[in-house]
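So the structure is just underneath, and the comments pick up after that.
In what follows, every chain begins at residue 1, and chains take the letters A, B, ... in the order their sequences are listed.
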Amino acid sequence: MGSRSSHAARIPDVDSIQRETGFSQASLLRLYHRFRALDRNKKGYLSRVDLQEIGALAVNPLGDRIIDSFFPDGSLQLDFPGFVRVLAHFRPVDVEDHGNRDPQEPEPLNSRMNKLRFAFQLYDLDRDGKISRHEMLQVLRLMVGVQVTEEQLESIADRTVQEADEDGDGAVSFLEFTKSLEKMNIEQKMSIRILK
Amino acid sequence: MLRAALPLLWLPLAGAGATEEPTQEPGSPGEPPPGLALFRWQWHEVEAPYLVALWILVASLAKIVFHLSRKVTSLVPESCLLILLGLVLGGIVLAVAKKAEYQLEPGTFFLFLLPPIVLDSGYFMPSRLFFDNLGAILTYAVVGTLWNAFTTGAALWGLQQAGLVAPRVQAGLLDFLLFGSLISAVDPVAVLAVFEEVHVNETLFIIVFGESLLNDAVTVVLYKVCNSFVEMGSANVQATDYLKGVASLFVVSLGGAAVGLVFAFLLALTTRFTKRVRIIEPLLVFLLAYAAYLTAEMASLSAILAVTMCGLGCKKYVEANISHKSRTAVKYTMKTLASCAETIIFMLLGISAVDSSKWAWDSGLVLGTLFFILFFRALGVVLQTWVLNQFRLVPLDKIDQVVMSYGGLRGAVAFALVILLDRTKIPAKDYFVATTIVVVFFTVIVQGLTIKPLVKWLKVKRSEHHKPTLNQELHEHTFDHILAAVEDVVGHHGYHYWRDRWEQFDKKYLSQLLMRRSAYRIRDQIWDVYYRLNIRDAISFVDQGGHVLSSTGLTLPSMPSRNSVAETSVTNLLRESGSGACLDLQVIDTVRSGRDREDAVMHHLLCGGLYKPRYRVGLLQELFKNVFSGSRGQIKLEGYKASCSRHFISEDAQERQDKEVFQQNMKRRLESFKPTKHNICLTKSKPRPRKAGRKKKDGMANTEATNGKPPRDLGFQDTAAVILTVESEEEEDSDSSETEKEDDEGIIFVARATSEVLQEGKVSGSLEVCPSPRIIPPSPTCAEKELPWKSGQGDLAVYVSSETTKIVPVDMQTGWNQSISSLESLASPPCTQAPPMTRLPPRSLVTEESQAPLNLPSDLRPSFAFPTSLAKAGRSHSESSADIPQQQELQPLMGHEDHTHLSPGTANSHWCIQFNRGGRL
């Protein structure tokens, strides 16, 4: 990959990006190539359409939501730093990372919490910090096959919310969300190896 | 004595015709007298099958004996004990018959003993885990085995060249390579036997175990290639032969896998059409899997691989297609066969070792081999792991590597292969046999004995089992989708990408083709988990005697939250319907006091102590049976059946533990039986017993219909049965409802007793045994008094809330935990026997619906402190909760949700639960 074009130095702001995301130069370069390949009209940024044209993403039940998460706050353009920032959530957690981290610094993007937050905001469409029953139902509708009826979906949604809901507000807050997953190895389940 | 016992030991190997001794028959009688014989002794005619049966019996008895003492089996793996037993038995045979008999015959081993074990492991292999680690498994299986074979063979040859092996061992480099190839493969039987007891974490287990299964192909190829090379003579081996050898590796492994997959496909397809002949479903599974094995064996492909792939590939579809009973049958038969085969293998191994005529000892060779297999195994693991860790998301750490190296057990496969060697071609065969025996014994006994302490000492991550929750399942799916999407965005087609592809393909085509439509329709993993949770709750509810649940503020074992919404779930309805006792738990409030809790504890102890869970389970079973048998032709229903017991099958790894848990539970309950009785007696002496007695009668009256009971009893009895409407048009059998009603009496009676005791302020010793002595605060007392089984006219809001608080938390901690664990135990009697859910077609919807509302006034709603969110979420909930307090007596079991859910429009396509109101009104 790296052989095709020169070095990572060509990427604008490569140092700050690297610092923020923790990606290696090689990964950044690879992502940069990918970024430019996705940018069909060479406009320097990605639009929703660019991502929507990735074939497999269209079939992904959560595809739209994941695309949305690349465009925070309703923006229409995705520049390279933003692109990398989102992908940085899926960088595997390095063992070394924990030791020498400056407590002043914000948590790395690939921390467990941030990984979970990424997943959480896929559910929480209205951004109120809670997954309501309605939101849960929407996700379930996407994920569960057509063969399950609406009634069944509703009962699943109810039960799912109940299961995680601890304070009884009928919705799952982020805290409850993390709690319901505390036994799961998120670091492993939300990481992609090639994104070192 | 010995003579009499001898026939038992004359075991021709699995009827393979291994015994041709004309000299035996110690038990055979004299000639039959001429003419009509009154009695004839025909030992010869039954000899072979008789001995096989006895052999298996001996093995099974041995197993039982071993497990009589937990101490022994917790320290010593069963395989070790079996080998030692085999040694003893072999010694006896040798001493009596003056020659060793009944050893492990390669033919028997490969054709009869090995397939069940491999099928079992393939079928119950956690496929997700397996494929997640497929890279590592393949590496270890292929590269690792090749490495072990060549290094061990070469090193032994070097040892011989160095003069450390006695010159009488006539073997060249090829012979040693052949020996290396057969001794290097990690043995699935041995690994399974030992690792199943060790409980290391899943990743580690799947890697070692997967390796042992998949390396069969490599072993077979290496063995065959080397064998033919040796037979050809090293001088005649051409370069093309080496190429052929390499090519045959692919042919044998891929061919074996392909055969397995073809048969898996056939099997899945066949089971799709067994709807009307359920009885042969289990047989089909075994037949086709065995056919896969034999076919692969016939084509000299890797038979182990074939069966593994067959089991792995077909499970998903077969499980969805076959009936619940068939699934249980498959599971148990498979486990039984595998366990039998394993037992026999280890015993025979022990016996075989006794026969000194077959082997010749050479210390240099034996010690050298032992050292080399350990050394090169460790070295190979370290090297491969280093490479693999470059690619693995979660690297295998040092401790994992130690366990993997040390877990490389050799077993019966190696032994069978070495026995198969041709002595004329390989002059050193006897030495190889001896070495193999020593290696197998060493690895199984020494390593098997020490691996548990080692794992403990190294603090290897153990496997931790937690019950699946809906959230976990849902989020896990989300994660999968997210990762697949991110891989798409990044443009890297990695594992997640392909898995996603496969799942889509499977969903679109394969499942459609291989699953019957009914099964396919409801097949969804999230739905599945939901379904299983419901069933678990339902069963645990039944197991607990139905006292735990509340209709609105349901607190389920699987659900930590205390708030609840109406849901169309078995749980919910069962809860409501189970007995009158549950009604006092309706609403959850936060008023708590230690006293309340104690009361609740008592209540539950008493409830649990009466030992009715089993009873109930039995009844429920019957109920299920009725339902099942009465429900032919219900597409939907079958779907449920298909998915309902998945967890029973998937968790077999935990079986043993669960069994124990269950036993403990039962014991505990029995222990609490006494105190309960005592309390009841006290209660009865008080002025109140009349009521309790009446209640009990009421419960019984339902079935007997002899009692002139007040109309309010109706509610209770009528609602006793929970009905799951699967298809709205189904007819249900009436007796099912009655069966369940019967058991309710127990609960009610108990609960009543408790409450009375409490009210009377009986003093008692420990919480565990007796109720708390103190004065009951007004509201709880009231609550107790107004427990549903008594006429409910009190201050509903007050008592309901307090009662709830008392009971729910305690339930969760004590009774629920027990019941859940016992529920989950696959092997525990109630679970295994009882189909996990009640599925009753509604009796007649119309009449029931019309009846139900009569009993359910909804005007009491305001008196309930009912969370608004709940109310809004659960449509029918507020209604139900409201009416309950008032109608407790009448309809403790009344379904609330049925009204909404069973409305004609919804009933057809979804399943819902309904109470069977039995026409009492």
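- When heavy atoms are compared at a cutoff of 4.5 Å, L122(A) approaches chain B solely by way of its side chain, counted from C-beta outward.
- In terms of heavy-atom pairs under 4.5 angstrom with chain B, the leader among S69(A), A157(A), S191(A) is S191(A).
- Under the 6.0 Å distance and 45° angle rule, R499(B) does not count as a cation-pi partner of F131(B).
- Both the backbone and the side chain of I156(A) come within contact range of chain B, with heavy atoms under 4.5 Å apart.
- For the atom pair CD (E202(B)) and CG (D132(B)), the distance works out to 11.0 Å, reported to the nearest 0.5 Å.
- Classification of the W502(B)-F505(B) ring pair by plane angle, with boundaries at 30° and 60°, yields tilted.
- Nearest heavy-atom pair across A320(B) and M515(B) is CB-SD, 3.8 Å.
- With hydrogens and angles ignored, the 3.5 Å screen pairs no side-chain donor or acceptor of S47(A) with any backbone N or O of Q77(A).
- Of the two parts of Q504(B), only the side chain, counted from C-beta on, holds a non-hydrogen atom closer than 4.5 Å to a non-hydrogen atom of chain A.
- Because its NZ or CZ atom is both nearer than 6.0 Å to the ring centre of Y45(A) and within 45° of the ring axis, K43(A) counts as a cation-pi partner of that residue.
- Heavy atoms closer than 4.5 Å to chain A are found in both the backbone and the side chain of F391(B).
- Note: L181(A) leads L87(A), L181(A), V86(A) in heavy-atom pairs under 4.5 Å with chain B.
- Heavy atoms of L116(A) lying under 4.5 Å from chain B belong exclusively to its side chain.
- The most heavy-atom pairs under 4.5 Å with chain B, out of F83(A), Y123(A), F177(A), come from Y123(A).
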